[in-house]
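Numbers for residues simply follow the sequence, beginning at 1. Quick note: numbers below take in every heavy atom, side chains included, and nothing from hydrogens, waters or symmetry partners.
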Amino acid sequence: MEEEFSLDPSHLLESASDFAHFPGVQNDASAKSFLDRFPLPVIISALQTKADVPGLEMTLVECLERIFKTKYGSSLIPQFMTFVQVGLQAESQVIKRLACTTVCQGGRCFLEGQNVDGAAELVDEYGVYPLLLNCLIHGDEQVAASSMDAIKGLTTSSKGIEIVFPVKSDESTSLRNVLAHSSSLGQVRVLALIVKLFCVSSSVASIIYGLDLLSLLVAQVSTRSDLLMTLSVLELLYELSEIPHGAEFLPIATFLQLLISFVRDKSVEPMLRSRSMVISGRLLTSEGISTVEKSSVINALSAIDETLELLKGQDTDESESGLEALGQIGSYHLLPLLILHVALNGLTFVLAIQGAELLLSSVPPVARHVIDAAFDRQGRGVQLAALHALGNISGEGRPDGSKILNDSAEVCLRCLIFEKAAKSAKLTPSGLFLSLLQKESEIRWAAYRLISGLVARPWCLIEICSKPGIIDIVTDANTESAKNGMEARHKCCEAIYSALSASCKLLSDPSLAGMAAKLNEAVRRGPYQLSRERAEAQPVSLGDER
């Protein structure tokens with residue numbers, strides 16, 4: 001059969017292409033049928049000797065990937081570990097990727113057979129793990145991702161954990177040593193692997209914590225030697241904070257302090273300050289974080305406050321990032337709570353406070369930046385970020401019972417908005433709202449969100465009802481054409497109508513009866529129903545005209 005194939009590889013290429021691109025699911029029977037015609041040794045030989053045939057290598061790789069995904073195909077992998085070994089050292093990135101995915105499939109085969117250590121034992125026997133690490137460091141992006149998945153799969157067994165985390169720290173495969181001898185790109189990939197392994201389970205996370213591997217990420221960021229690497233590792237640290245069991249091991253206070261130092265350091269790249277502010281906001285509101293020290297939260301808000309004060313009136317990415325961070329904090333509602341530790345007489349107490357209340361309780365309130373930018377004629381990106389942030393602070397994304405803040409925060413929010421309106425040409429909040437709704441679609445979308453949150457307050461409802469033009473726009477089914485805009489407009493109608501229905505004083509006002517009916521009709525119509533005026537004409541044909 002090998003002689004026959006060596007004369008004409010086109011037959012294998014055609015059959016492999018049909019198998020690889022078959023639109024349905026390939027099962028054990030189809031995989032066995034194909035391998036009966038073209039045994040694995042023949043396919044492997046073709047990969048090694050016929051790589052110059054146009055399209056053959058890629059087609060055979062795609063074919064083998066589908067074969068190994070079947071139970072029958074994966075059961076053959078242990079017999080061809082030498083191929084895996086050679087494939088991991090091949091010059092072709094495509095074949096390297098195939099070899100990495102084959103290790104993954106082989107692991108699944110052993111798991112299904114209840115032999116959880118079987119794949120790891122084969123990996124150890126054939127010296128595959130060092131080759132996987134080499135693929136991680138030196139392979140292209142797809143090869144690195146596949147090798148990472150293969151290594152992650154090893155940690156599902158005790159034998160695999162022994163391979164990935166050797167007892168002796170001086171082992172060449174120790175992740176700490178691999179990191180030390182890698183290029184910048186290789187170091188980022190090793191750190192990404194540590195994060196990926198940390199996600200596997202709390203037991204694996206415990207091992208990583210015990211080996212002090214998490215400190216490698218913090219140390220790498222602290223050096224600030226390479227901007228792209230620093231940004232990449234910051235994202236990895238944030239990814240760790242989102243893992244359910246991450247808070248148990250991750251030094252949150254240290255990470256947050258690191259972010260704050262970047263935000264305050266005016267000598268670092270603006271991009272790094274921007275990302276640090278955004279990640280700070282997300283970190284403080286991550287569901288994986290159960291407690292945050294009060295001093296850390298105050299320092300983070302203070303750093304963002306100082307930065308936005310320096311950038312006031314400027315249309316920069318930094319301004320957008322700072323506003324986005326405040327909006328993220330402002331969206332934080334009662335479940336889960338933002339936790340602050342307060343030491344008193346040697347004891348630690350836990351206080352629960354909404355993120356929006358925190359932004360409105362400082363002196364001066366940090367939220368002033370959001371309100372100033374939301375209603376200023378500055379850069380469009382900055383205004384959009386501010387409007388969405390103010391929508392979050394006002395409670396657009398919070399449950400109905402959590403929209404209204406404590407008394408002092410509500411007074412502060414109202415005063416900031418009225419003061420801003422008084423200094424503008426519109427003079428009133430309703431004038432500001434109407435001007436926003438008369439702008440382009442993305443600004444209108446943000447304005448719908450803002451009104452949906454604010455209208456739960458009686459003063460805002462009165463402002464809305466005082467401007468019929470606002471009701472005309474939000475109830476006009478033809479105003480929006482994009483799905484997000486339609487849904488935001490309808491949600492805004494629902495919020496206004498709900499607030500109006502809950503106000504006996506305004507609902508009983510005869511002058512508002514038409515407005516209430518208009519809102520009710522808009523709510524009943526739904527977000528996607530066009531008005532009768534815009535309904536498409538339908539051809540009508542009378543019997544005698546046919």
State the [atom1]-[atom2] distance between [X] and [Y], to the nearest 0.5 angstrom.
X: Leu416; Y: Leu360; atom1: CG; atom2: CG; value: 7.0 Å
X: Ser435; Y: Ile443; atom1: OG; atom2: CD1; value: 10.0 Å
X: Phe375; Y: Ile417; atom1: CZ; atom2: CD1; value: 5.5 Å
X: Asn484; Y: Ser441; atom1: CG; atom2: OG; value: 10.0 Å
X: Arg264; Y: Arg273; atom1: CZ; atom2: CZ; value: 13.5 Å
X: Ile304; Y: Asn299; atom1: CD1; atom2: CG; value: 11.5 Å

Using the rule side-chain hydrogen bond (donor to acceptor under 3.5 Å, both in side chains), only one of His490, Glu480, Lys491 pairs with Tyr448; which is it? Glu480
Salt bridge or not between [X] and [Y]? Use side-chain N to carboxylate O under 4.0 Å.
X: Lys420; Y: Asp376; result: yes
X: Asp472; Y: Lys518; result: yes
X: Glu324; Y: Arg282; result: yes
X: Arg368; Y: Glu309; result: yes
X: Arg380; Y: Asp315; result: no

Kindly assign one of parallel, tilted or perpendicular to the pair His388 and Trp445, based on the angle between their ring planes and the thresholds 30° and 60°. perpendicular
Using side-chain heavy atoms (C-beta onward) and a distance below 4.5 Å, is [X] in contact with [Y]?
X: Val366; Y: Ile329; value: no
X: Leu450; Y: Ser394; value: yes
X: Leu284; Y: Leu256; value: yes
X: Glu62; Y: Arg66; value: no
X: Pro270; Y: Thr316; value: no
X: Leu234; Y: Leu272; value: yes
X: Lys196; Y: Ile151; value: no
X: Leu236; Y: Leu240; value: no

Can you give me the closest heavy-atom contact between [X] and [Y], atom names plus distance?
X: Ile404; Y: Ala456; result: CD1-O, 3.9 Å
X: Leu405; Y: Glu410; result: N-OE2, 2.8 Å
X: Val370; Y: Leu390; result: CG1-N, 3.5 Å
X: Asn392; Y: Gly327; result: ND2-O, 3.2 Å
X: Leu461; Y: Ala499; result: CD2-O, 3.5 Å
X: Arg489; Y: Pro527; result: NH2-O, 3.8 Å

State which residue, out of Val221, Leu228, Val218, fulfils the side chain to side chain contact (heavy atoms under 4.5 Å, CB included) condition with Val233. Val221
Under the side chain to side chain contact (heavy atoms under 4.5 Å, CB included) rule, what do Val268 and Thr230 come out as? Steps first, then yes or no, please. CA-CA 11 Å; Val268 303; Thr230 302; over 6 Å; no
Is it the case that the side chain of [X] and the backbone of [Y] share a donor-acceptor pair, with hydrogens and angles ignored and the cut-off at 3.5 Å?
X: Ser276; Y: Val263; result: no
X: Arg444; Y: Lys439; result: yes
X: Arg449; Y: Ala389; result: no
X: Arg414; Y: Arg457; result: no
X: Ser424; Y: Ala421; result: yes
X: Arg97; Y: Val61; result: no
X: Gln93; Y: Asp140; result: yes
X: Glu463; Y: Thr428; result: no
X: Glu318; Y: Ser274; result: no
X: Ser146; Y: Gln142; result: yes

If you apply the rule side chain to side chain contact (heavy atoms under 4.5 Å, CB included), what do you find for Ile451 with Leu437, and how did you get there? CA-CA 10 Å; Ile451 294 172; Leu437 292 171; 4.0 Å; yes
Hey, is [atom1] on [X] packed in by over 12 heavy atoms from elsewhere, all under 6.0 Å?
X: Met229; atom1: CE; value: yes
X: Lys423; atom1: NZ; value: no
X: Glu141; atom1: CD; value: no

May I ask you to check whether Lys266 and Thr307 show a side-chain donor-acceptor distance below 3.5 Å? yes
Given side chain to side chain contact (heavy atoms under 4.5 Å, CB included), test Cys415 with Glu419 step by step and report yes or no. CA-CA 6 Å; Cys415 288; Glu419 285 173 8; 4.2 Å; yes
Verdict with supporting geometry, Leu258 and Ser222, side chain to side chain contact (heavy atoms under 4.5 Å, CB included): CA-CA 7 Å; Leu258 196 59; Ser222 302; 3.7 Å; yes
